[in-house]
Visitor: 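Okay, here's the structure, questions in a sec.
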Amino acid sequence: MCEALKELMKDEFDAIREDALKQGMKQGIEQGLEQGLERGIGQGIRSMIFALLEDIGEIPEELRVQINTEKDLETLKFYHKMAARATSIEQFSNGIRHS
């Protein structure tokens, strides 16, 4: 009887552990996909910002670094709007600095 109970408990424990592992893997994959999607969206916005700015002048390295290191999507969207409205690199740079 005792051995049968031990075996039953072991089987139950293994099933719970397997479910927990599957759930953890699923959450990890979902988080990875979400982070990857955010990075991809951010890179797309950066590309659009650079394309707009290149049409109005030469982009200083310091400004490139600032745009490339910005991770917040809302801030990047704001940069994009500023780039679309700017008539010079200086106007863009001042606009994002004073916001």
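All figures in this text were calculated on a predicted structure; none of them were measured in a lab. In this chain, numbering begins with 1 at the start of the sequence shown.
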Visitor: Apply side-chain contact (heavy atoms from CB on, under 4.5 Å) to the pair Gln66 and Leu63, showing each step before the final yes or no.
Guide: CA-CA 5 Å; Gln66 180 179 354; Leu63 188 55; 4.0 Å; yes
Visitor: Hey, what do you get for CD1 (Ile67) to CZ (Phe50), rounding to the nearest 0.5 Å?
Guide: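 One finds 4.5 Å between CD1 of Ile67 and CZ of Phe50.
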Visitor: Please check if Ile96 and Ile59 belong to a single hydrophobic cluster, counting links between Ile, Leu, Val, Met, Phe, Trp and Tyr side chain heavy atoms closer than 4.5 Å.
Guide: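 In one cluster: yes.
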Visitor: Between CD1 of Ile56 and OG1 of Thr87, what distance do you get to the nearest 0.5 Å?
Guide: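 If I round to the nearest 0.5 Å, the distance is 6.5 Å.
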Visitor: Answer with yes or no whether the hydrophobic clustering places Ile16 together with Leu21; edges join I, L, V, M, F, W, Y residues whose side-chain heavy atoms lie under 4.5 Å apart.
Guide: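 As far as the 4.5 Å side-chain criterion goes, Leu21 and Ile16 are not connected within one cluster.
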Visitor: Nearest heavy-atom pair of Lys71 and Arg46: which atoms, and what distance?
Guide: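 Closest pair (atom of Lys71, atom of Arg46, distance): CA-NH2, 4.2 Å.
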Visitor: Other residues, nucleotides and ligands only: do more than 12 of their heavy atoms fall within 6.0 Å of CD on Glu58?
Guide: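 Atom CD in Glu58 is not packed in, count stays at 12 or less.
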Visitor: To the nearest 0.5 Å, how far apart are CZ in Phe78 and CG in Asp72?
Guide: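 The CZ atom of Phe78 sits 12.0 Å away from the CG atom of Asp72.
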Visitor: Which value, rounded to the nearest 0.5 Å, describes the distance between Glu90 atom CD and Arg97 atom CZ?
Guide: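 So the CD of Glu90 and the CZ of Arg97 are separated by 8.5 Å.
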Visitor: Please indicate whether Glu12 has more than 12 foreign heavy atoms, meaning atoms of other residues, nucleotides or ligands, lying under 6.0 Å from its CD.
Guide: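 Open: at most 12 neighbouring heavy atoms sit under 6.0 Å from CD of Glu12.
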Visitor: Testing Thr75, Val65, Ile49 one by one against Glu70 for a side chain to side chain contact (heavy atoms under 4.5 Å, CB included), which residue passes?
Guide: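 It is Thr75, the one option of Thr75, Val65, Ile49 that forms the side chain to side chain contact (heavy atoms under 4.5 Å, CB included) with Glu70.
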Visitor: Look up atom CD1 in Ile45 and atom OH in Tyr79, then write down how far apart they are to the nearest 0.5 Å.
Guide: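 Reported value, rounded in 0.5 Å steps: 12.0 Å.
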Visitor: Looking at CD of Gln43 and CE of Met48, how far apart are the two atoms once the value is rounded to the nearest 0.5 Å?
Guide: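 If we round to the nearest 0.5 Å, Gln43:CD and Met48:CE are 10.5 Å apart.
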Visitor: Closest approach of Ile89 and Pro60, non-hydrogen atoms and distance?
Guide: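 Smallest interatomic distance, heavy atoms only, reads CG2-CD, 3.7 Å.
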Visitor: More than 12 heavy atoms of other residues, nucleotides or ligands under 6.0 Å from CD of Glu54: yes or no?
Guide: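 Yes.
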Visitor: State, to 0.1 Å, how close Arg85 and Gln91 come at their nearest heavy-atom pair, and which atoms those are.
Guide: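 The answer is O-OE1, 4.2 Å.
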